[in-house]
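For the numbers below, each heavy atom of this structure counts, side chains included, while hydrogens, waters and symmetry mates do not.
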Amino acid sequence: MRAVLRRAGYPVETAVRRDPSVLVDVVVASSGTSWAGEVLAGLAERVREPGLAVVVTTVTPGCPVPRVWLEQLFARGSRGVIGLDAEFTEVQRAYLAAHQIPCVLVDSGLDDAVSHALATIFESPAELAG
């Protein structure tokens, strides 16, 4: 797995971060719908109390998430990634998995997308609470 990532030009570190990041990344394929705005507002509300913050990146619908986004995420760290109608490449998904950063893709219109996304990023409600 790491060899594939290296060949694709992604930095591969063997050290794992000891302190979990306080950031939750949300990548939104900006399609102009109110659904994404509602999900973002719900996510921000749910992660605020345990002291986490949401980082939002918008991308062009139908296009993969740009490589620079993943490099920035790696530099600053992330607790997890939520893609709202976003498309990640196989290499990007492998990179997130190799660095043990949970990732969930949520399609527009999903009922209770906030709970679905957070349940995937955080294995238990206790983890979300800090």
Side-chain angles (χ1 to χ4, degrees):
M1 174 84 60
R2 291 187 186 276
V4 171
L5 296 172
R6 278 190 197 97
R7 281 194 301 273
Y10 287 93
V12 179
E13 297 213 0
T14 56
V16 175
R17 296 180 194 273
R18 292 178 188 207
D19 297 326
S21 175
V22 297
L23 303 175
V24 176
D25 279 80
V26 181
V27 180
V28 182
S30 53
S31 59
T33 65
S34 62
W35 174 81
E38 291 173 17
V39 173
L40 287 171
L43 286 169
E45 182 67 30
R46 294 276 300 274
V47 302
R48 184 179 304 125
E49 188 174 318
L52 301 175
V54 175
V55 176
V56 178
T57 302
T58 58
V59 297
T60 305
C63 295
V65 175
R67 175 189 172 118
V68 69
W69 167 82
L70 191 59
E71 292 168 353
Q72 292 167 344
L73 177 135
F74 181 76
R76 66 174 153 67
S78 182
R79 180 72 64 96
V81 175
I82 300 168
L84 302 180
D85 285 337
E87 296 182 26
F88 293 90
T89 66
E90 186 175 325
V91 170
Q92 289 168 329
R93 289 190 305 264
Y95 187 86
L96 292 169
H99 289 87
Q100 299 175 347
I101 300 172
C103 179
V104 60
L105 302 179
V106 181
D107 292 330
S108 61
L110 177 69
D111 290 337
D112 203 8
V114 173
S115 293
H116 172 74
L118 291 176
T120 302
I121 299 298
F122 302 99
E123 294 180 15
S124 70
E127 186 179 357
L128 180 58

Quiz item: So, do Val55 and Arg76 sit near enough that their side-chain heavy atoms are less than 4.5 Å apart?
Solution: yes
Exercise. Start with the C-alpha distance between Leu118 and Val104, add both sets of side-chain angles, then the distance that settles side chain to side chain contact (heavy atoms under 4.5 Å, CB included), and finish with yes or no.
Key: CA-CA 9 Å; Leu118 291 176; Val104 60; over 6 Å; no
Practice problem: With sequence neighbours excluded, tell me which residues meet side chain to side chain contact (heavy atoms under 4.5 Å, CB included) with Pro66. | Solution: Val59, Val68
Practice problem: Specify the closest pair of heavy atoms between Glu87 and Gly62, including all atoms of both residues, with the distance to one decimal. | Solution: OE2-CA, 3.5 Å
Quiz item: Taking all atoms of both residues into account, what is the closest heavy-atom pair of Ala113 and Val39, and its distance?
Solution: CB-CG2, 3.9 Å
Quiz prompt | For Ala86 against Val65, the heavy-atom pair lying closest together | solution = CB-CG2, 4.3 Å
Quiz item: Can you name the closest pair of heavy atoms from Ser78 and Asp25 and give their distance?
Solution: OG-OD1, 2.7 Å
Exercise. Please tell me if the side chains of Leu84 and Ile82 come closer than 4.5 Å, counting only heavy atoms from C-beta onward.
Key: yes
Quiz item: Can you name the nearest heavy-atom pair linking Pro61 to Ala29, along with the distance?
Solution: CA-CB, 3.9 Å
Self-check item: Side-chain donor or acceptor of Arg79 paired with backbone N/O of Val22 under 3.5 Å
Solution: no
Exercise. To the nearest 0.5 Å, tell me how far Leu73 CG sits from Leu23 CG.
Key: 8.5 Å
Quiz prompt | Atom pair OG1 (Thr58) and CG (Leu40), whose distance is rounded to the nearest 0.5 Å | solution = 10.0 Å
Practice problem: Determine the interplanar angle of the Trp69 and Phe88 rings, folded into 0 to 90°, and report it as parallel if under 30°, tilted if 30 to 60°, perpendicular if over 60°. | Solution: tilted
Quiz item: Does Asp85 use its side chain to pair, donor to acceptor, with the backbone of Ser108 at less than 3.5 Å?
Solution: yes
Self-check item: Thr89 vs Tyr95 side-chain heavy atoms within contact, under 4.5 Å
Solution: no
